[in-house]
> 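Supplied in structure tokens, the structure appears directly below.
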Amino acid sequence: MVYDKNNIFARILRGDIPCNKIYEDEFALAFHDIAPKRKVHALVVPKGDYVSFDDFTRDAPANLQAGFYKAVQKVAAQLGVSADGYRLIANTGGDGGQEVPHFHVHILGGEIVGPLVT
Ligand code: AMP
């Protein structure tokens with residue numbers, strides 16, 4: 001799939017539209033999900049034009065991949081969910097239920113997240 005530079009997360013990364021920012025570094029931006037599914041529901045997006053986990057993991061440079069996943073851990077720690085636990089979700093493609101075509105990881109926690117799939 002060709003990357004759409006006007007997807008909503010690309011626009012947030014460019015600063016065209018606001019977000020409720022949690023964390024930012026050279027590799028990633030994290031913000032609160034606009035429609036939280038649990039007490040804590042954050043999104044972490046890499047700073048690069050990648051549609052999904054699939055092309056990010058296949059094509060992104062190693063330093064971006066490492067920096068991105070380290071950022072996910074830092075965001076979880078900053079949100080205070082590391083001790084009690086949390087769930088990472090990376091919906092991928094149509095069957096995976098991905099709505100926004102810019103790779104992102106959901107961090108869900110702050111309470112028992114519940115069954116993996118309902
Ligand atoms: P996914 O189905 O994995 O692509 O998830 C996309 C997520 O982005 C959903 O949980 C939405 O609630 C969230 N979302 C969409 N637009 C925004 C926005 N402007 N700010 C924050 N979260 C958003």
Side-chain angles (χ1 to χ4, degrees):
M1 184 192 238
V2 176
Y3 183 78
D4 169 15
K5 286 184 178 293
N6 286 318
N7 76 75
I8 190 116
F9 293 169
R11 289 156 64 198
I12 288 173
L13 280 167
R14 283 199 297 272
D16 293 347
I17 60 172
C19 69
N20 189 356
K21 184 155 84 173
I22 300 165
Y23 175 86
E24 183 170 18
D25 64 20
E26 65 185 294
F27 304 110
L29 172 69
F31 48 90
H32 293 282
D33 195 291
I34 202 165
K37 303 295 189 296
R38 292 293 181 273
K39 284 181 182 167
V40 170
H41 187 173
L43 300 168
V44 191
V45 306
K47 291 188 174 178
D49 294 353
Y50 300 97
V51 174
S52 73
F53 169 83
D54 199 69
D55 62 326
F56 180 75
T57 306
R58 188 187 58 223
D59 299 335
N63 69 324
L64 177 56
Q65 296 198 37
F68 172 75
Y69 289 112
K70 284 179 181 293
V72 174
Q73 188 279 330
K74 287 178 189 169
V75 173
Q78 188 173 320
L79 290 168
V81 297
S82 301
D84 286 342
Y86 55 91
R87 181 169 301 161
L88 302 180
I89 297 174
N91 295 322
T92 305
D95 282 1
Q98 184 177 2
E99 294 172 1
V100 178
H102 180 112
F103 174 46
H104 54 281
V105 168
H106 298 250
I107 301 175
L108 293 161
E111 59 187 322
I112 293 173
V113 175
L116 184 59
V117 176
T118 55

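For the single chain, residues carry numbers from 1 onward in sequence order. Remember, it's 1-based here, ligands and their atoms both numbered in the order they're listed. The analysis underlying the following values was restricted to heavy atoms, covering all of them including side chains, and did not include hydrogens, waters or symmetry mates.
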> Applying salt bridge (Lys or Arg N to Asp or Glu O under 4.0 Å), name anything that partners D33, two or more places apart in sequence or on another chain.
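D33 satisfies salt bridge (Lys or Arg N to Asp or Glu O under 4.0 Å) with no residue once adjacent residues are dropped.
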
> Quiz question: by atom type and distance under 3.5 Å, do the side chains of H32 and H41 form a donor-acceptor pair?
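No pair is found: no donor N or O on one side chain lies under 3.5 Å from an acceptor on the other.
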
> Which residues pass the side-chain contact (heavy atoms from CB on, under 4.5 Å) test with V45, sequence neighbours left out?
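V45 satisfies side-chain contact (heavy atoms from CB on, under 4.5 Å) with F9, L13, L29, F31, H102, H104 once adjacent residues are dropped.
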
> Could you list each N/O atom of ligand 1 together with any protein N/O atom closer than 3.5 Å, one pair per line with the distance?
{"residue": "ligand 1", "atom": "2 (O)", "partner": "G97", "partner atom": "O", "Å": "3.1"}
{"residue": "ligand 1", "atom": "2 (O)", "partner": "E99", "partner atom": "N", "Å": "3.2"}
{"residue": "ligand 1", "atom": "3 (O)", "partner": "N91", "partner atom": "ND2", "Å": "2.9"}
{"residue": "ligand 1", "atom": "3 (O)", "partner": "H104", "partner atom": "NE2", "Å": "2.8"}
{"residue": "ligand 1", "atom": "3 (O)", "partner": "H106", "partner atom": "NE2", "Å": "2.8"}
{"residue": "ligand 1", "atom": "4 (O)", "partner": "E99", "partner atom": "N", "Å": "2.7"}
{"residue": "ligand 1", "atom": "4 (O)", "partner": "V100", "partner atom": "N", "Å": "2.9"}
{"residue": "ligand 1", "atom": "4 (O)", "partner": "H104", "partner atom": "NE2", "Å": "3.0"}
{"residue": "ligand 1", "atom": "5 (O)", "partner": "H104", "partner atom": "NE2", "Å": "3.3"}
{"residue": "ligand 1", "atom": "5 (O)", "partner": "H106", "partner atom": "NE2", "Å": "3.3"}
{"residue": "ligand 1", "atom": "10 (O)", "partner": "D33", "partner atom": "OD1", "Å": "3.3"}
{"residue": "ligand 1", "atom": "10 (O)", "partner": "D33", "partner atom": "OD2", "Å": "2.5"}
{"residue": "ligand 1", "atom": "12 (O)", "partner": "D33", "partner atom": "OD1", "Å": "2.6"}
{"residue": "ligand 1", "atom": "22 (N)", "partner": "I34", "partner atom": "N", "Å": "3.1"}

> When you look at CG of N63, are more than 12 heavy atoms from neighbouring residues, nucleotides or ligands closer to it than 6.0 Å?
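Check passes, neighbour count above 12.
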
> Are there over 12 heavy-atom neighbours, none belonging to F53, within less than 6.0 Å of that residue's CZ?
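Atom CZ in F53 is not packed in, count stays at 12 or less.
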
> K47: which residues meet the side chain to side chain donor-acceptor pair (under 3.5 Å) condition with it, sequence neighbours left out?
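Partners of K47 under the side chain to side chain donor-acceptor pair (under 3.5 Å) test: E24.
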
